[in-house]
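Structure, as structure tokens:
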Amino acid sequence: MYVAVKLEDGKCTGCKLCIFICPEPNVLKFSKEVKKVAVNEGRCKGCGLCVTICPKEALASASIGN
Amino acid sequence: MNKNLFKISPGFEDIMPAEYRELVHDGPYGKNLGVSDLGTFKELLEEHPLCAGCGLALSLRLILASLPNPEDTIIVGSTGCSSLAFPQVGVHNIHSLFGNQNAVASGLKRALKLRFPEKTKDVVAIAGDGATADIGLDMVMHSWFRRENIATIMLDNEAYANTGGQESGMSPQGTVLYMAPKGKKFPKISLPEIAREVGCAYVAVGSPAQPRPLEKMVRRTILVAREIGPTYLQVFCPCPTNYKFKPQETVAKIKQREKEGTFQTREYITLEAQKLLTKLEEGKK
Ligand SMILES: Cc1ncc(C[n+]2csc(CCOP(=O)(O)OP(=O)(O)O)c2C)c(N)n1
Ligand code: SF4
Ligand code: SF4
Ligand code: SF4
Ligand SMILES: [Mg+2]
């Protein structure tokens with residue numbers, strides 16, 4: 001079982017704070033079109049740092065795979 | 001750097017790794033991007049094996065995004081946790097024997113000045129606290145005494161993390177670590193103040209808790225080294241694995257230490273460096 005962060009799309013305001021706190025490169029991507037972030041779950045280590053900084057509670061750690 | 005050097009020859013695109021193709025198409029080379037643009041370009045750091053929540057990995061990621069001239073930067077690293085990340089870095093880098101990074105960087109910078117007198121090549125030594133303040137202190141200090149045009153960046157996780165968490169000169173007094181079962185007996189080394197006294201033109205202490213100020217410090221460290229003389233940046237990078245806290249607490253640890261007064265961001269800038277920075281930073285606006 002792996003832990004990765006999941007994004008609740010509707011809550012994200014695109015403030016990018018999560019992008020500046022993640023120790024992993026190229027995991028949280030910002031889309032200029034929709035002004036929101038997207039998570040590359042396969043590269044997330046589930047550390048939870050982004051969860052602690054998101055002002056909108058749009059991110060949560062979750063189990064993925066089995 | 002001539003961009004054709006890393007571009008893929010026509011017909012070979014499909015056999016190159018996807019990560020390399022992404023770097024060629026969406027990498028930051030020559031685009032003048034920075035920390036604020038993270039998330040919109042292919043980063044210079046690729047998937048790495050450092051621990052979840054590693055403060056050093058976060059700092060390295062921010063430092064790489066802050067380089068003023070990544071295509072013409074050469075990083076000299078040393079043994080330690082960061083050396084596990086450098087094979088995944090899309091900037092020229094050299095691994096030196098533990099503690100030798102500033103000696104290697106000095107020679108490299110001199111050789112580059114001779115070989116490419118008309119070009120700007122930034123040489124940046126990036127190493128751990130053990131490599132910088134303990135075992136490599138001799139090489140670090142002498143590169144400063146000799147006024148080498150190199151930038152020195154310490155990734156300060158306050159321990160020998162890569163060998164399992166022994167005390168280093170940079171661990172705070174009283175910390176219980178391997179080799180310090182009753183708590184470290186002497187205070188954290190004041191390397192920033194030492195750097196200032198021996199004549200580094202720009203000295204700063206920062207952390208990834210403040211990404212944009214850290215970016216400014218990285219840029220200043222490199223630009224002043226380029227034009228004036230040695231510079232030193234110390235980046236506080238808490239280590240969840242050896243200091244035994246949860247990976248999501250890395251940035252909270254920095255803020256807690258700031259509150260306690262045991263970590264302070266600061267800058268020491270000589271008059272000459274201040275003049276240069278004012279000129280460069282005004283020019284940018
Ligand atoms: C000449 C030499 N001495 C000792 C070692 C063993 N060694 C490897 S990593 C390390 C500690 C690294 O500490 P630091 O520079 O703080 O980097 P960190 O792993 O904490 O990031 C030591 C002592 C070595 N590899 N080479
Ligand atoms: S911190 Fe939260 S609100 Fe801000 S961009 Fe990230 S997910 Fe969206
Ligand atoms: S949980 Fe950690 S690794 Fe995953 S996206 Fe958040 S900060 Fe990055
Ligand atoms: S041991 Fe500490 S410094 Fe090294 S990779 Fe793990 S968290 Fe980072
Ligand atoms: Mg260390």
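Chain A is the first sequence line, chain B the second, and so forth, proteins listed ahead of strands; every chain is numbered from 1. Please read all numbers here as calculations on a predicted model, not as lab measurements.
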For [X] versus [Y], what's the shortest heavy-atom pair and its separation?
X	Y	answer
B:P211	A:F20	CG-CB, 3.8 Å
A:C47	B:G53	CB-N, 3.3 Å
A:P23	B:C54	CB-O, 3.6 Å

Subject >> Top of A:C22, A:S61, A:C18 for chain B proximity - count of heavy-atom pairs under 4.5 angstrom >> reply: A:C22
Original post:
Which bit of B:K246 comes within less than 4.5 Å of chain A, counting heavy atoms only: side chain, backbone, both or neither?
Top reply: neither
Heavy-atom distances under 4.5 Å only: say whether [X] touches chain B with side chain, backbone, both or neither.
X	answer
A:L28	backbone
A:C50	neither
A:K29	both

Subject >> Between B:L64, B:L62, B:L50, B:L60, the one whose heavy-atom pairs under 4.5 Å with chain A are most numerous >> reply: B:L50
Could you tell me the separation between the [atom1] atom of [X] and the [atom2] atom of [Y], rounded to the nearest 0.5 Å?
X	Y	atom1	atom2	value
B:R61	A:I21	CZ	CD1	10.5 Å
A:F30	B:D37	CZ	CG	10.5 Å
B:E19	A:N26	CD	CG	9.0 Å

For atom [atom1] of [X], is the number of surrounding heavy atoms from other residues, nucleotides or ligands below 6.0 Å larger than 12?
X	atom1	answer
A:K32	NZ	no
B:E260	CD	yes
A:K35	NZ	no

Original post:
Would you call A:T52 and B:V251 a side-chain contact if the rule is heavy atoms closer than 4.5 Å?
Top reply: no
Original post:
Are A:R43 and B:E46 side-chain neighbours, meaning at least one heavy-atom pair lies under 4.5 Å?
Top reply: yes
Original post:
Is a donor on one side and an acceptor on the other found under 3.5 Å between the side chain of B:H48 and the backbone of A:P25?
Top reply: no
